[in-house]
2 protein chains.
Amino acid sequence: MKTKKDVTIYDLAKQLNYAPSTISRALKDHKSISQKTIIRVKEVAAQMGYRPNSLAASLRNNKSKTIGIMISRISRPFISSLISGIEESARKSGYNVIISQSNDLYKNEIQNAKALYDSRISGLVVSLSMETKKLNHFQQFIDLGIPIVFVDRVPKGLDTYKVLIDNYSAAYKATQHLIEQGCKRIAHFAGAQHVNVYHERKKGYLDALKDNKIPVDKNLIINFETLSFEEGEKATKELFNMSNPPDGIFSANDTAAVAAIMTAKKIGVRVPEDLAIIGFNDDPISSIVDPGLSTVTHPATDMGRISADKILDHMINGYKSNNTDTTILGTHIIVRNSSKRK
Amino acid sequence: MKTKKDVTIYDLAKQLNYAPSTISRALKDHKSISQKTIIRVKEVAAQMGYRPNSLAASLRNNKSKTIGIMISRISRPFISSLISGIEESARKSGYNVIISQSNDLYKNEIQNAKALYDSRISGLVVSLSMETKKLNHFQQFIDLGIPIVFVDRVPKGLDTYKVLIDNYSAAYKATQHLIEQGCKRIAHFAGAQHVNVYHERKKGYLDALKDNKIPVDKNLIINFETLSFEEGEKATKELFNMSNPPDGIFSANDTAAVAAIMTAKKIGVRVPEDLAIIGFNDDPISSIVDPGLSTVTHPATDMGRISADKILDHMINGYKSNNTDTTILGTHIIVRNSSKRK
DNA sequence: TAAATTACCGAAATCGTTTTCGCCGATAAA
DNA sequence: TTTATCGGCGAAAACGATTTCGGTAATTTA
């Protein structure tokens, strides 16, 4: 098989009787090169089919114009929208995006951090794995001044960029909504509490109850491992085996909430009349399930765009005086039929 | 801010009184280096915190141990699962994965091809944009001997690897299924016919009708632009404004099929009694909608894994005698309540 | 007219690995 | 003993772009 040779700036230099340095400058519109030469160089470059070798440039500059992404699983709606936003914003600025999924395993996350480090990414966007508690594997980036943006699942105590939503007040509003619909006994599908988002959501739930003088019943707070569909089914059945079942559920994600809707229907509990349900994320399934699932928006694509922009800005301006730059995005409740009683 | 300096093989060489070449070889277990030195080098490397600079290696080898991915939109269930499979397989072999989405626009696809080319990817996995008809932008990879794997939406006439399903017979089976359920007038939600998968699915539909001696009614074949939810709603309404509406729908994707289910319910058409529906892809929504949507499996993650493996194998073995290597994966029908009449 | 800019461009080092030769001494074969 | 062979390693040239110093000629200023 015939593999053509790439044409380099040296080939252009020879062809045009210029030094490679001149070619390099001309191609990037360096001001000390005359317009005439710039145009000639670009003409010949196009005509000879010159393509820049970004590896060479990256090596020289020791940064590769790529943004690394570390997430749990690509095939979750929130995550894929997040990536979509990052990619869109990055590519506009000529950056590539390289992704790695941890499958929510700590040891994968460490491996991926190594691999991304070795590729000399110029910035990193991270949504932590469910297992992650230690953060040593991020120190290598910090030491080299590589900007990190934590998104959604963020750690505390690391001076980096952070992009997230106000989980506490979103959860508060969601719970408040159920209360306004007349719910007196509201259950909560809670995620792993060492993960910030689930911790905050539970706090919001608890405070909404307190502020409305509704007693907290520990039996109504179900601790989930992964908030999967199966866990949602199981939890719903168990709740309705109780002598005093709930009349509302606030689930920390949509998957479990949808499971609750479907399970409730199956066991003859009417939604929303007997049981009002609200979820979190606004996944596609929430508008498909019948009745439609009320939920909290999660601006995934925007969060991705903003995360990429943080890194892009950082590349231009360097560290701001204040390294700890946290962006909190707004959310709102979408009321569908799963909670609409009035 | 303090940016530590990277430690290179030169630093190791100095420390150990070896030549850089020896270090390089020792680190990759080159056979002409003694076991003793290999061990010593690795020890010191670990202890000094040496991290390989893959950019330098890539430049030297003119290939970057990364697989490029070109797809329409990440946030489609099929696509995100596909990427997931690619990433999983690639990372196992120490390859990175860099993604670019075209948003189904031809001009983006061309831009992305350029960007990926410039990054010296070692292989490319492509699912074509909906708009793409010309394929010139792939020639640059072929000229350099960079393997391309087309997945799902594949072109004809290019000698590359291809991974897809048998859309024709899957569609045939889906249509046959509706017929077996007693449908006499089966509509088809057809995708853009220049896209192979939609073309094949339509052919399968047509042939199934013919083989069962069911007359083809052109009014029952709806040509969609993008097979979106909105298009699905509109098409369903129109079908039931006809004097002689269908009693079955085979949709070329799940999104439009789910729209059909929900619209049918809204306008008082019973599913599956009055209207049996089957989709394509087995998206998450298909098991959530009520009644559950019968559909055809689409082994997205497997297709991703296989695509990555094609490239990985290619890197080891080079071109096979036969460049045109097409892998066809099996699919099967999932029967849910949207089509179950018996 | 002399001095000082300014406009354009070139030489060469550099980024960190990989790899092609080849060298030297030691062992094995003749 | 002589000739091959081989194990273990080093020197140095790549890979392709960027960038720091300059340098020369043309232009402007004094």
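Both backbone and side-chain heavy atoms feed into the values below; hydrogens, waters and symmetry mates do not. All chains are named by letter (A, B, ...) in the order of the sequence lines, taking the proteins before the strands, and each is independently numbered beginning at 1.
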**Prompt:** Rounded to the nearest Å, what distance is computed from the NZ atom of residue B/Lys65 to the P atom of nucleotide C/dG16?
**Reply:** 20 Å

**Request:** For B/Gln111, enumerate each residue passing the side chain to side chain donor-acceptor pair (under 3.5 Å) test, keeping only those at least two apart in sequence or located in another chain.
**Result:** none

**Message:** By the 4.0 Å heavy-atom rule, please label B/Asp118 as base, sugar-phosphate, or nothing.
**Reply:** nothing

**Prompt:** Just by modelled atom types, is the A/Thr8 backbone N or O under 3.5 Å from a matching donor or acceptor in the A/Asp11 side chain?
**Reply:** yes

**Message:** Nearest 0.5 angstrom please: B/Ile148 CD1 to B/Phe138 CZ, how far?
**Reply:** 6.5 Å

**Asked** Is the side chain of B/Ser122 donor-acceptor paired with the backbone N or O of B/Thr66 at a distance under 3.5 Å, no angle test?
**Response** yes

**Request:** Whole angstrom is fine here: how far is it from NZ in B/Lys31 over to C1' in D/dG8?
**Result:** 13 Å

**Request:** List the protein contact pattern of nucleotides 15-24 of chain D with one symbol per nucleotide (5' to 3'): B for base contact, S for sugar-phosphate-only contact, - for none; contact means a heavy-atom distance under 4.0 Å.
**Result:** BBBBBB----

**Message:** Going by side chain to side chain donor-acceptor pair (under 3.5 Å), name the residues that satisfy it together with A/His30, two or more places apart in sequence or in a different chain.
**Reply:** A/Ser32

**Message:** Evaluate B/Met303 against B/Phe78 for side-chain contact (heavy atoms from CB on, under 4.5 Å), listing each step before the verdict.
**Reply:** CA-CA 10 Å; B/Met303 292 174 87; B/Phe78 170 74; 4.0 Å; yes

**Length of the line joining B/Asp29:CG and D/dC9:P, which is rounded to integer Å** = 14 Å

**Spacing between B/Ile23 atom CD1 and D/dA11 atom C1', to the nearest angstrom** = 15 Å

Tabulate below the donor-acceptor pairs under 3.5 Å that side-chain atoms of residues 22-29 of chain B make, not counting sequence neighbours, or state none.
residue	atom	partner	partner atom	Å
B/Asp29	OD1	B/Lys42	NZ	2.9
B/Asp29	OD2	B/Lys42	NZ	3.2

**Prompt:** Can a donor-acceptor pair be found between the side chains of B/Asp309 and B/Ser89 at a distance below 3.5 Å?
**Reply:** yes

**Message:** Using a 4.0 Å cut-off on heavy atoms, which residues in residues 34-43 of chain A reach DNA chain C? List them by number, or say none.
**Reply:** A/Ser34, A/Thr37

**Donor-acceptor under 3.5 Å (A/Ser80 side chain, A/Pro77 main chain)** = yes

**Asked** Looking only at side-chain N and O atoms, does B/Tyr18 come under 4.0 Å of OP1 or OP2 in D/dC9?
**Response** yes

**Asked** Going 5' to 3' along nucleotides 23-28 of chain C, which nucleotides have protein heavy atoms under 4.0 Å from the base (write B), which only from the sugar-phosphate (write S), and which from neither (write -)?
**Response** ------

**Request:** Round to a whole Å and report the spacing from CG of A/Leu27 to C1' of C/dC9.
**Result:** 15 Å

**Asked** Is the backbone N or O of B/Arg120 less than 3.5 Å from a side-chain atom of B/Ser64, with the two atoms forming a donor-acceptor pair by type?
**Response** yes

**Item:** B/Ser129 vs B/Asn108 side-chain heavy atoms within contact, under 4.5 Å
**Value:** no

**Asked** Base, sugar-phosphate, or nothing: which does B/Asp11 touch, judged by heavy atoms less than 4.0 Å apart?
**Response** nothing

